[in-house]
Protein chains: 2
Amino acid sequence: MTATTVHQPTHREALWALEDAFERGDLITVFGRCTVEYDGRAASSLGVGRRLLVLKPDGTALVHTDENQKPVNWQPPGSEHHAAVRDGRLRVRSVHTSPDETLAVRFETVEQLSAMSVSGRRDLSVTGSEADLRNALLDRPALIESGFEPLATERPTDAGPIDLFGRDSDGRPVVVELKRRRVGPSAASQLQRYVAAIEREEGDNAAVRGILVAPSVTDRARRLLAEHELEFVAVEPPSSTGDAGENNTLDTEPAETNAFDLAVDDSAHDSAGDATGNDESEAAGTVPADEESN
Amino acid sequence: MTATTVHQPTHREALWALEDAFERGDLITVFGRCTVEYDGRAASSLGVGRRLLVLKPDGTALVHTDENQKPVNWQPPGSEHHAAVRDGRLRVRSVHTSPDETLAVRFETVEQLSAMSVSGRRDLSVTGSEADLRNALLDRPALIESGFEPLATERPTDAGPIDLFGRDSDGRPVVVELKRRRVGPSAASQLQRYVAAIEREEGDNAAVRGILVAPSVTDRARRLLAEHELEFVAVEPPSSTGDAGENNTLDTEPAETNAFDLAVDDSAHDSAGDATGNDESEAAGTVPADEESN
DNA sequence: CATTATATGTCGCGA
DNA sequence: TCGCGACGTATAATG
């Protein structure tokens, strides 16, 4: 058996279970009524309530409630978990140094405590990242502009590394900033900083072009680009439930990942994906839909 | 009993438990060997391994391994959880629409499945936010500059809302951008955008000042500020484990929260906080310290 | 350790 | 819903 659980333990029994789990380096979940205090980069206090506490062997602590993806309180990896019984109550403290911060969970009641060994396999592969977009564009530089010649990626400048640097058919330097999704003003500013840096490098007479490559831009970002005479080239976002969805090649060499539809700004188009799923026996649980959300 | 658990269930037993838990709107944890596939904003695939799956009644799904604060895979709130047994294996799918994305967890073995009702009390109070800093500065505008007169917060402009807007003793418009922690180039760009927007508003002759207020700046950011003739005023970061740590006033009016030490760039100072904690019986589990970390 | 940029960022607020 | 910016952002890469 690789998972041990105690139900409705006394606080002292819970402490024993925690000691064992710490010893084994297990992943721990504790469910019960508790209060939570955090002090460190900020300070926060959480009144009593029923919550789920997750303690990882790497020092991570997470306090989850019934909603939201982010824990309501947490402690980063590298913290040290401490457990004690104080005034007859289980208390878990996770302490981190540099930055100094502490998370304290005080349990009124412990409903359940589980410990289990988990394997931290790191074989996650993600496609559709900015790096994927870059590789795809290196394959077909003409999609940025006919005659564009890539010269370097991550080219260092005074203002930081440029995603993609090259020259156009006239030999003018071109700074390309890549974004995997719709961009706002900050991306335009970022591009502008890089262009300015290259202009300082190359000399004032050099007319350096800046091109933002992304699926789309917001109005404000578009205005900012125009202000600084920067350009925009549209590429399709990563094709998720589309035609390129079968490339789950985990064993093969990830040589040429083309997770992006590379199309240039030609037209609007609808991509309706069908999700056919007929299931044997199924249970659907979920969203309150419209019950009192916000 | 508010927490139900099944150990080493058959896949079909696990499905029944899930159905019940969905019905009740419980928070669910499933531990077992599984593979995970995500497809949506990006695409990812995770090989078989022992992991913890958390399903929330608001549609959130989290897949956690033994390390890292962030789940290795997840699905945002608003998703719909589906469970089914397929080929004799438990399969959980969380489906989200707009953006369309799907998380699929296929279990080889289910070690444990727990369901519990949780209370989503939202009485979290955090001090040390940017809003706290703003309030503190409104109390003592002279800390930005002697004679500075605040006129508006969140003042709207073409480039977005300005944190704090006012005039100096000469009547010149002043744009103040607040950051609660050390800032990089993006903050300088942001301030620059706001200053430019005000200059367009007020007319070209108006010499609009821009002041970045933060604990400190990076070198690159400082250079950017200088380039655009923007200014910097240092304030101390929120005092965490310092002298202002006792203000956990949850009942009282949060009228004047001064979670910031407002000091202007004068000197370094040490704030050594003492954390005295003597514990009855204690268990410390944690960080492998130096075992094979990275 | 500090700086920098990415992210399936997440989240809340406001138009 | 989208746009925008803060966040105890987290995380990885790099000097």
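Letters go in sequence order (proteins before strands), and every chain restarts at 1.
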- [ ] Using the salt bridge (charged side-chain N to carboxylate O under 4.0 Å, His left out) rule, collect all pairs that involve residues 153-166 of chain B, keeping only residues at least two apart or in two chains.
- [x] B:Arg155-B:Glu201
Given [N], is OP1 or OP2 found less than 4.0 Å from the side-chain N or O atoms of [X]?
X        : N      : result
A:Arg220 : D:dG3  : no
B:Ser129 : D:dA6  : no
A:Gln190 : C:dT4  : no
A:Tyr194 : C:dA5  : yes
A:Arg181 : C:dG9  : yes
B:Thr218 : C:dT4  : yes
A:Asn68  : C:dT10 : no
B:Arg41  : C:dT10 : yes
A:Trp74  : D:dA10 : yes

Looking across every strand, which nucleic acid part, if any, lies under 4.0 Å from [X] by heavy atom: base, sugar-phosphate, or nothing?
X        : value
B:Ala159 : sugar-phosphate
A:Ala221 : nothing
A:Gln69  : sugar-phosphate
B:Glu177 : sugar-phosphate
A:Pro99  : nothing
A:Gln75  : base

Open item on the list: Let me spell it out: for each of A:Lys70 and B:Ser186, pick the nucleotide of DNA chain C with the closest heavy atom. Which residue's pick is nearer the 5' end?
Closed with: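 Looking at the nearest nucleotide for each, B:Ser186 comes out on the 5' side.
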Open item on the list: Please evaluate residues A:Leu224 and A:Gln192 with respect to the criterion side-chain contact (heavy atoms from CB on, under 4.5 Å), reporting the C-alpha separation (whole Å), side-chain torsions for both, the decisive distance (0.1 Å), and the verdict.
Closed with: CA-CA 9 Å; A:Leu224 257 178; A:Gln192 163 57 22; over 6 Å; no
Using the [atom1] atom in both, what is the distance from [N] to [M], to the nearest Å?
N     : M      : atom1 : result
D:dC4 : D:dG8  : P     : 22 Å
C:dA7 : C:dC11 : C1'   : 14 Å
C:dT8 : C:dT4  : P     : 23 Å

Task: Residue whose closest nucleotide on DNA chain D lies nearer the 5' end, A:Arg223 versus A:Glu101 - done: A:Arg223
Once you round it to whole Å, what is the distance between [atom2] of [N] and [atom1] of [X]?
X        : N      : atom1 : atom2 : result
A:Asp100 : C:dC1  : CG    : P     : 12 Å
A:Arg134 : C:dA7  : CZ    : P     : 11 Å
B:Arg155 : C:dG14 : CZ    : C1'   : 17 Å
A:Glu154 : D:dG15 : CD    : C1'   : 14 Å
B:Arg180 : D:dT9  : CZ    : P     : 5 Å
A:Leu133 : C:dT8  : CG    : P     : 14 Å
A:Arg182 : D:dC4  : CZ    : C1'   : 12 Å
A:Glu67  : C:dG12 : CD    : C1'   : 13 Å

- [ ] Measure the spacing between CG of A:Asn73 and OG1 of A:Thr35 and express it to the nearest 0.5 Å.
- [x]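 Spacing of CG (A:Asn73) from OG1 (A:Thr35) equals 10.5 Å.
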Task: Test item: A:Leu133 and A:Val235 side chains (from C-beta on) under 4.5 Å apart, heavy atoms - done: yes
Task: Single hit among B:Leu230, B:Val176, B:Leu178, B:Val217 for side-chain contact (heavy atoms from CB on, under 4.5 Å) with B:Leu212 - done: B:Val217
Open item on the list: Between the base of C:dT3 and the side chain of B:Asp219, is there a donor and acceptor pair under 3.5 angstrom?
Closed with: no
TODO: Check every atom of D:dT1, C:dA5, C:dT8 against the side chain of B:Ser98 and return the nucleotide holding the closest atom.
DONE: D:dT1
Open item on the list: Check this for me: A:Arg181, atom CZ, are more than 12 non-hydrogen atoms of other residues, nucleotides or ligands nearer than 6.0 Å?
Closed with: no
Open item on the list: Side chains of A:Arg182 and A:Ser216: any donor to acceptor distance under 3.5 Å?
Closed with: yes
